[in-house]
Amino acid sequence: MPTGSSSTRSPPCPGLVVSQMKQQGIDDLSNEKTDDGVKWKQLEHKGPYFAPLYEPLPDDVKFYYDGKPMKLNVATEEIATFYAKMLDHEYTTKEIFQNNFFYDWRKEMTSEERKKIKHLEKCDFKEMHKYFVDKNEARKALPKEEKQKLKEEADKIQEEYGYCILDGHREKIGNFKTEPPGLFRGRGDHPKMGMLKKRIMPEDVIINCSKDSQTPEPPSGHKWKEVRCDNTVTWLASWTENIQNSIKYIMLNPSSKLKGEKDWQKYEVARRLKGVVNKIRSQYRADWKSREMKKRQRSVALYFIDKLALRAGNEKEEGETADTVGCCSLRVEHIKLHPELDGQEHVVEFDFLGKDSIRYYNKVPVEKPVFKNLQLFMENKDPGDDLFDRLNTTVLNKHLQDLMDGLTAKVFRTYNASITLQEQLKALTDAEDNVAAKLLSYNRANRAVAILCNHQRATPKSFEKSMQNLQAKIDAKKEQLGEAQMELKRAKADLKAKKDVKSKAAVEKKKKLLEKIQEQLLKLNVQATDKEENKQIALGTSKLNYLDPRISVCSGAGAPMGKKTVSAQHPPAAPLISSSPAPLTALPPSPPADQLLLLPPSASRPP
DNA sequence: TAGGGGACTTGACGGTACCCAT
DNA sequence: ATGGGTACCGTCAAGTCCCCTA
């Protein structure tokens with residue numbers, strides 16, 4: 001079973017590097033680190049690879065305004081192609097998108113163009129659109145050799161710009177290309193959708209590298225905005241994007257040692273939480289009855305974060321982004337209280353848009369004091385008012401910091417995700433199971449985590465069809481099964497009549513065949529179950545960001561690990577399985593790997 | 001202590017490489 | 001060999017959280 005450990009990491013492998021370093025008497029990187037930041041000594045790279053310049057359209061591809069062809073200035077034309085390319089996308093039907101685009105487009109026009117082009121409805125991009133569709137088709141239809149050539153060119157660029165040297169190690173860069181210009185596509189109801197995302201020029205880019213290293217050359221005729229040497233940060237280059245005025249970075253690939261160690265640290269913090277979580281839970285339960293409103297709100301919010309793995313919920317600037325919330329920013333309109341619902345008492349119904357405007361909908365029975373507190377928090381408030389008006393993420397995290405060093409709201413998500421995987425694996429897996437059954441168990445455990453974290457996906461486009469295909473296979477197999485049963489019956493009758501060796505052998509043969517078919521049918525059914533259950537659930541995110549890989553490795557589940565390198569997630573000096581830190585439930589001293597999962601499942605989920 | 005900047009992680013999505021059944 | 005299905009990976013938006021300033 002693949003572990004994904006070889007695919008993305010740049011050679012040489014981390015373990016090797018460390019042993020070489022030790023031999024050479026070079027200190028391990030971790031020795032040079034301080035608590036509050038990276039401290040590298042050497043960073044060398046080639047700077048970002050810039051998005052290709054705009055190629056003007058051929059003369060026969062025309063833009064029409066009010067039915068008449070109109071030659072656009074190159075800059076104007078470029079922006080028009082951004083819109084033209086998106087014509088069959090739902091975005092372009094939205095009024096906000098259209099308005100934002102048109103407003104920004106007109107700003108970039110020449111004054112003559114601006115005088116003429118006054119209404120988007122009169123703009124005809126269809127010919128341009130067709131040009132790009134055709135071009136795309138042509139690219140797909142290219143002969144093999146041509147495609148190979150293109151790939152080689154891309155590989156060359158990757159080779160040249162895709163790696164950097166960090167303290168003597170060649171590391172893969174995550175995103176070495178600048179983002180190309182285009183129209184901003186926000187998620188959900190984004191007020192800025194359709195705005196023009198400008199082209200990044202070398203003059204916008206800050207380069208970060210070590211003083212003694214070779215400073216990357218800007219493209220000819222250009223210069224960098226700034227070259228600096230800041231070894232407390234991990235980015236190689238940065239620029240400010242024009243939509244949200246936020247900074248974008250070029251950073252290392254997750255397979256790099258730097259990222260891997262950070263990831264490892266994250267899970268170590270989660271493991272420390274394991275040790276104090278019971279105390280924290282008793283504490284917040286006690287605080288439900290506090291005389292201070294602030295404490296009550298804090299403790300109820302923390303209960304939600306712990307029990308439901310909600311995100312912290314920072315405040316956002318109104319009108320700048322889609323209206324989404326997390327725990328601390330929940331509003332009265334986002335919950336409904338049901339003293340009784342479907343035979344359960346004290347049910348809270350959540351309905352809000354979370355990160356990426358993904359809907360969170362959940363009906364949860366809560367403990368009575370929580371319910372009573374929520375009623376209190378909602379008294380005399382309007383639907384649009386904050387549920388926790390005395391609370392924000394800063395206040396909450398400050399409190400958490402007091403409870404445990406390094407504890408923040410998001411650690412609960414990591415902790416509860418990982419512990420859920422571990423418990424589910426333990427509960428669902430039987431060592432005797434075959435591979436298919438084990439894989440289903442792993443997926444189910446992974447699914448439990450994804451559901452907890454509300455990681456959703458759009459139903460894949462081909463879902464219905466591929467489900468039908470699978471069903472057809474199952475039907476065919478069932479038919480086969482029926483036939484096999486009949487044949488066995490006949491063979492048995494034959495044996496009864498003849499009682500000879502040959503017919504006995506025939507019966508055995510038919511029996512074997514029947515068993516084989518039964519097993520195949522079972523496997524298909526398992527597959528169908530897995531597929532159906534996974535229809536709208538995304539497993540990747542939790543696998544990548546929330547599940548301590550040591551849980552999967554130690555349990556022997558051998559499931560795909562995603563793009564992070566397992567070995568890179570450890571301080572490489574520690575071997576992965578034999579003596580390395582154990583997963584969450586096994587706090588030091590670490591038992592041997594085969595016992596890691598045998599700890600009591602109790603008390604790991606909130607009461 | 002509000003407010004904003006900065007650095008970093010988390011997240012869904014779409015294209016592509018790859019795999020397996022036909 | 002082909003084509004359908006899927007895992008993987010890049011992309012870039014959207015979060016979290018920390019720090020600094022007024």
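What's counted below: heavy atoms across the whole structure, side chains too, no hydrogens, waters or symmetry copies. Order of the sequence lines fixes the chain letters, A, B, ..., with proteins taken first and strands second; residue numbering starts at 1 for each chain.
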Just the table, please: protein N/O against nucleotides 1-5 of chain C N/O, every pair under 3.5 Å.
{"residue": "C/dG5", "atom": "OP1", "partner": "A/Asn469", "partner atom": "ND2", "Å": "2.7"}

Given [options], which nucleotide is nearest the side-chain atoms of [X]?
X        : options                : answer
A/Phe184 : C/dA13, C/dC18, B/dC8  : C/dA13
A/Thr324 : C/dA13, B/dG6, C/dG15  : C/dG15
A/Lys316 : C/dG10, C/dA14, C/dG15 : C/dG15
A/Met251 : B/dA2, B/dT9, C/dT16   : B/dT9
A/Lys355 : C/dA14, C/dG10, B/dC8  : C/dA14
A/Ala312 : C/dT16, C/dA13, B/dC8  : C/dT16
A/Asn314 : C/dC17, C/dG15, B/dT9  : C/dC17
A/Arg311 : C/dG10, C/dT16, C/dC12 : C/dT16

Roughly how many Å is it from [atom1] in [X] to [atom2] in [N], rounded to a whole number?
X        : N      : atom1 : atom2 : answer
A/Glu317 : C/dA14 : CD    : P     : 14 Å
A/Asn253 : B/dT10 : CG    : P     : 15 Å
A/Phe82  : C/dC12 : CZ    : P     : 12 Å

Under 4.0 Å, counting only non-hydrogen atoms across every strand here, what does [X] touch: a base, just sugar-phosphate, or nothing?
X        : result
A/Ala409 : sugar-phosphate
A/Gln456 : sugar-phosphate
A/Lys197 : sugar-phosphate
A/Gly313 : sugar-phosphate

- prompt: Could you go step by step and tell me if A/Arg170 and A/Glu159 meet the salt bridge (charged side-chain N to carboxylate O under 4.0 Å, His left out) rule?
  reply: CA-CA 11 Å; A/Arg170 189 166 184 259; A/Glu159 200 57 33; 2.8 Å; yes
Which atoms form the tightest heavy-atom contact between [X] and [Y], and what is the distance?
X        : Y        : result
A/Ile96  : A/Pro191 : CG2-O, 3.5 Å
A/Lys172 : A/Tyr163 : CA-CD2, 3.6 Å
A/Ile335 : A/Phe350 : CG2-CD2, 3.7 Å

Should [X] be listed as having a side-chain N or O under 4.0 Å from OP1 or OP2 of [N]?
X        : N      : value
A/His190 : C/dA14 : yes
A/Asn397 : C/dC17 : yes
A/Thr393 : C/dT16 : no
A/Lys410 : B/dC8  : no

query: Which of residues 233-245 of chain A have a heavy atom under 4.0 Å from DNA chain B?
result: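 Heavy-atom cutoff 4.0 Å gives A/Val233, A/Thr234, A/Trp235.
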task: Look up atom NZ in A/Lys259 and atom OG1 in A/Thr234, then write down how far apart they are to the nearest 0.5 Å.
output: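 If we round to the nearest 0.5 Å, A/Lys259:NZ and A/Thr234:OG1 are 4.5 Å apart.
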task: To the nearest 0.5 angstrom, please state how far the CD atom of A/Glu261 sits from the CD atom of A/Glu268.
output: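 Going from CD on A/Glu261 over to CD on A/Glu268, the span is 11.5 Å.
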Looking at [X], I'd like to know if its [atom1] atom is crowded, meaning that more than 12 non-hydrogen atoms belonging to other residues, nucleotides or ligands lie closer than 6.0 Å.
X        : atom1 : value
A/Tyr49  : OH    : no
A/Asp189 : CG    : no
A/Lys147 : NZ    : yes

- prompt: Can A/Asp134 and A/Lys130 be said to form a salt bridge (charged side-chain N to carboxylate O under 4.0 Å, His left out), step by step?
  reply: CA-CA 6 Å; A/Asp134 290 350; A/Lys130 184 174 181 305; 2.7 Å; yes
query: Side-chain donor or acceptor of A/Lys266 under 3.5 Å from a matching atom on the base of B/dT9?
result: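 When only heavy-atom distances are counted, A/Lys266 does not reach the base of B/dT9 through any donor-acceptor pair under 3.5 Å.
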Going by atom types alone, do [X] and [Y] pair a side-chain donor with an acceptor below 3.5 Å?
X        : Y        : result
A/Ser246 : A/Glu241 : yes
A/Lys316 : A/Ser329 : no
A/Tyr284 : A/Asp306 : yes
A/Asn314 : A/Thr393 : yes

List every contact pair, protein side and nucleotides 16-22 of chain B side both N or O, where the distance is under 3.5 Å.
{"residue": "B/dT16", "atom": "OP1", "partner": "A/Arg139", "partner atom": "NH1", "Å": "3.4"}

- request: Could I get the full list of ring-ring contact (aromatic ring centres under 6.0 Å, His included) partners for A/Phe388, not counting sequence neighbours?
  value: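 Counting only residues at least two positions away or on another chain, A/Phe388 forms a ring-ring contact (aromatic ring centres under 6.0 Å, His included) with A/Phe377.
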- prompt: Start at the 5' end of DNA chain B and walk down; is the nucleotide closest to A/His89 or to A/His455 reached first?
  reply: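 Of the two residues, A/His455 wins.
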message: Please compare A/Asn392 and A/Arg457 by the position of their nearest nucleotide in DNA chain B and report the one closer to 5'.
response: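 Per heavy-atom nearest nucleotide, the more 5' residue is A/Asn392.
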- request: Can you sort out the partners of A/Gln480 under side chain to side chain contact (heavy atoms under 4.5 Å, CB included), two or more places apart, ordered by chain and number?
  value: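 A/Gln480 satisfies side chain to side chain contact (heavy atoms under 4.5 Å, CB included) with A/Lys477, A/Ile517 only.
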Net bend of the helix from B/dT1-C/dA22 to B/dT22-C/dA1, end axes of five pairs each, nearest 10 degrees: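 Comparing the axis at each end, I get an angle of 10°.
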